[in-house]
Amino acid sequence: MRRHWFYILLSLAERDRHGSAIMRDVLALTDDELRLWPVTLYGSLDELCREGWIRAVPAPPPGEGDADAGHKKWFRITAAGRRALAREVTALEGVVRKAQRRLAPSGETS
Amino acid sequence: VTPLAIRSYRTLIRWLPASVRDAYGDEMLELFTEQWSAARQTGRLRAMAVWGRSVWDALRQVPREHWLVAGRYSHEESMHTFLSDLRFAARSFSRQRGATLLVLLTLTLAVAANTGVFLLLDDLFFRPFPFRDPASLVYLNERAPKWNLEFTGVNFPDFDGWRKRTHSFDALGLIAAGNFNLAVDGAAERVQGASVTWDLPRVLGIRPILGRAFTAADDRPNGPNVVMIGSGFWRTRFGGARDVVGKTIRLDSAPFTVIGVLPDAAEFPGGVQLWTPLNGDTGQKFTSYAYEGIGRLKPGVTIERARADLLAAQEPIWRERDTAHVVSPRIMPLREWFVAEYRTTGQVLGLGVVLVLLIACANVAGAMLARTSFRKRELAIRAALGASARRIARQMLTESLLLATIAGVVGTAAGWWGIRALLFASPDQLPPWVHLEFSWRIAGFSIGIIAIITALFGAGPAIDARRQGVRAALAAGDLRTSASPGQRRMLSALVVAEVALATVLLVSGGLLVRAYTNLKAVDPGFRADGVAEFRLALPQAKYDDGPKQRRLYEALIERLSAIPGVVAAGGVSCLPFTCHWGNFYTAEGSALKPGGQNPVILTRVASPGYFAAMGIQTVHGRTYLASEQRPLGELFPVVVNAEFARLHWPDATDPVGKRIAASGSKTNPWMTVIGVVKDVRHYGLSEPMRPGIYLPMSFLDSTQSVASLGFAVRTSGNPVAIFPAIRSVLHEIDPELPVYQLRTLQDALDASLMGRRSLMIVLAAFAAIALTLALGGIYAILSYVVGRRRREIGIRMALGAQRGQVIRMVVMQGAGLMSAGLLIGLPLAFASTRILTSLLVGVSASDPLTYVVVTGLLGLTSIVAAFAPARRAASVNPTSVLADGG
């Protein structure tokens with residue numbers, strides 16, 4: 001899975017967000033490491049929609065404080081999106097475990 | 001004021017595919033603005049960094065988005081879309097059968113004309129000759145301006161000098177095309193062959209496929225009788241047997257040993273079946289210019305350098321033999337020599353066909369434009385029902401693709417077939433290496449044409465459909481009242497261009513037709529009806545001296561005269577339009593200054609019956625009598641043509657009795673002119689008359705050899721009917737002599753005009769197509785405009801306009817377009833006739849009649865084209881149109 005997609009799905013897994021909120025969330029998630037610039041962000045959102053992993057939702061959920069959020073497109077992760085994200089996380093877990101084993105100090109090293 | 005950073009980013013966003021831009025463009029810009037503004041608060045530099053990163057992101061992602069969007073269409077779904085588009089196109093065409101057929105026909109004609117003409121031009125000018133590195137092959141000849149000759153043929157001692165003293169050539173060879181009498185089972189056939197210098201295979205870069213090539217020992221005066229046979233000859237006569245080397249064939253009644261078999265390429269330029277050694281004699285006494293040279297340039301040597309080299313090699317010859325510098329060598333690329341006579345034809349055809357294609361494209365574009373604007377409503381409805389702009393554009397493109405593909409396939413096939421049918425019907429007018437085989441290059445060319453056509457008339461409506469928003473089209477309340485001014489201007493411009501181009505073709509075609517009819521009316525100097533002609537060549541081995549030859553010729557003429565129905569029969573060394581034998585003569589009391597121009601005199605030997613058989617009129621004195629076959633004491637009698645008399649004795653009323661003698665020879669006695677005959681157009685009806693003389697048959701008694709004679713036989717009936725009798729008469733005299741070039745004189749005359757006739761027919765056909773298309777174009781635009789202006793016309797009529805006025809209005813509109821087209825087209829035509837000049841014999845490029853007829857024809861066309869739309873306009877019923885509400 002592409003890195004952008006992973007973080008976008010991860011961001012939406014928490015709650016519905018609009019574009020600029022996703023961007024800020026991803027920035028926070030990655031400790032300012034991954035910044036999604038506008039065309040990449042919306043291009044990825046478009047692709048994820050076509051993939052069926054997220055979908056656009058018309059109205060902002062009640063209680064949202066964002067002042068000008070009303071006219072923006074909001075996105076929600078779909079069940080398929082969650083499954084895809086879970087699969088990816090499981091795969092990552094496996095990789096992380098293997099990596100940790102390899103990095104763990106063994107008897108032979110000085 | 002919007003900051004520059006935001007404006008520039010907005011521009012970038014516009015480059016995204018429409019689907020992405022429409023969905024997210026605003027938000028992208030908003031997000032950028034947010035970030036940029038936030039950064040701006042902290043400093044200019046940070047803002048610039050944000051701008052830079054965002055722009056970089058956009059520049060990278062825009063192509064990717066296009067790629068993704070395009071990819072979505074290239075899948076199965078897209079194929080499905082394509083098929084349904086195709087079905088829809090077919091249905092839409094079948095609803096407008098007439099208009100569609102017209103467009104289809106136009107395109108097919110244009111593609112066919114292009115394919116045919118470019119197949120021919122490709123074969124003529126571009127397909128490489130079948131030899132190794134053909135670009136380095138050159139053609140050598142000599143020129144003699146003082147003799148009025150651009151090509152004299154190469155003199156063997158001159159060639160020998162070039163061979164020894166030049167350094168620019170890998171190899172140099174000479175060739176003399178000739179025919180041989182081949183003995184076959186007690187009869188004889190005439191086969192085409194060539195005499196060549198021994199190393200010609202090295203020049204051409206070919207090797208025998210069997211046996212050996214000539215050696216220097218084969219190629220010398222009185223060398224052995226050896227022959228290399230062509231591969232076709234080998235297969236047909238020897239069944240391709242491997243043991244053919246060493247066998248003997250009888251050529252010109254002498255045995256020749258086959259030493260090798262030549263590859264296919266050696267048949268070049270076409271039909272050459274045998275090669276024999278040239279046996280050139282460097283010490284030859286008489287100056288004969290009979291050969292053609294072929295050379296291969298060393299790598300990197302230019303034609304200019306080779307020319308300078310040749311001229312330097314000629315220096316010693318000028319010093320020793322030719323002190324007056326009469327003859328000088330000339331050199332040109334081999335290709336150039338072979339295509340020289342087709343150059344003008346090629347240019348005219350190429351230009352003509354491009355004009356036809358342009359006109360067709362203008363016509364189709366106009367038709368499609370008019371069609372789209374009629375379909376605006378349909379498209380608007382489809383858009384309202386949810387079809388995207390892209391989808392509609394695709395539909396329009398599919399429609400034009402369908403038309404163009406059908407036209408491309410049918411047109412390519414028709415063009416290929418058509419050009420073969422047209423040109424192979426009369427094979428003599430093309431160089432023999434032109435085979436007009438189907439080539440993928442030309443197929444590719446046609447595909448290119450199709451692509452252009454598709455783009456041309458698919459793009460217009462597609463863009464139109466795209467630009468037109470749904471609302472705009474539907475909201476337009478004036479759907480049926482008037483065309484948009486831009487569209488009408490575009491349509492008018494197309495029609496004007498069409499008329500202008502058609503004018504060029506019509507004028508060119510008209511001038512060629514005029515030139516041709518003028519030529520047909522030219523008096524050839526003989527009467528062609530009722531005459532059969534043929535040629536006979538005597539082998540040196542059997543008829544080795546003049547008297548022997550003369551006895552055979554005279555016996556044959558006597559037998560020919562005895563054939564029932566024959567009125568007169570005679571022989572001549574060169575029949576009209578065939579060969580040339582030139583000599584120089586001195587005339588007593590000549591008006592020509594010694595040392596100045598000395599034109600070559602066409603010299604023929606003629607029997608007494610020849611003039612009667614050909615119907616050549618006597619101007620002064622008389623022609624030969626049968627009783628005159630012996631020399632009259634010391635004096636040869638000679639008959640000259642009127643041009644000869646005019647040249648030497650312009651003031652004499654009757655040149656009979658004057659004397660002439662061959663120049664530069666002490667042995668040739670004076671000859672007395674006994675008669676002057678009318679000029680015969682020996683070199684073709686369009687060529688200038690040249691001075692010529694006829695020597696009597698007794699010329700052969702002085703052991704001069706005339707190994708080949710043409711015969712003319714005049715009958716009271718159909719000359720074709722005596723062909724069998726001619727053959728059997730000759731067979732009785734000598735079965736080893738083949739009759740060849742047996743045809744009627746009328747056929748020979750027609751054949752001499754054939755190339756010109758074909759060109760005229762093709763160009764006239766182009767002009768006819770152009771005229772038809774222009775007519776269609778004017779008709780289409782007038783019907784379109786009338787259809788659009790129904791409401792306006794109805795109002796005018798309600799306000800009291802008469803039917804006549806309405807009709808006049810429509811007709812005047814057509815005439816206006818026509819006049820504009822003519823105004824551009826006539827000067828254009830006049831300018832472009834320059835390339836025709838060499839073909840315009842007896843008619844000037846500014847021939848008023850042609851221009852008047854073309855103008856009249858186009859004027860008439862505009863009226864015919866306006867007729868139906870005008871009637872439709874006049875039949876508008878004001879009440880119903882107005883009640884209709886528009």
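Residue numbers begin at 1 in each chain, while the letters A, B, ... track the order of the sequences.
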Heavy-atom contact with chain A under 4.5 Å, split by part of B:L16: side chain
Considering only heavy atoms, which portion of B:E65 lies under 4.5 Å from any heavy atom of chain A: side chain, backbone, both, or neither? side chain
With respect to A:W37, which candidate in B:M28, B:Q35, B:Q61 satisfies the side-chain contact (heavy atoms from CB on, under 4.5 Å) definition? B:Q35
Atom [atom1] of [X] with >12 non-hydrogen neighbours under 6.0 angstrom:
{"X": "B:M48", "atom1": "CE", "value": "no"}
{"X": "B:R60", "atom1": "CZ", "value": "yes"}
{"X": "A:R102", "atom1": "CZ", "value": "no"}
{"X": "B:W51", "atom1": "CH2", "value": "no"}

Is the shortest side-chain N to carboxylate O distance from A:K72 to B:E34 below 4.0 Å? yes
What closest approach, in Å, do A:S20 and B:L31 show between heavy atoms, and which atom pair accounts for it? CB-CD1, 3.3 Å
Does any non-hydrogen side-chain atom of A:D46 lie less than 4.5 Å from one of B:Y24? yes
Side chain to side chain, A:V39 and B:I13, heavy atoms closer than 4.5 Å: yes
Return yes if some donor-acceptor pair links the side-chain N/O of A:K73 with the main-chain N/O of B:A23 below 3.5 Å, else return no. yes
Spatial distance of atom CD (A:E47) from atom CG (B:L68) [nearest 0.5 Å]: 4.5 Å
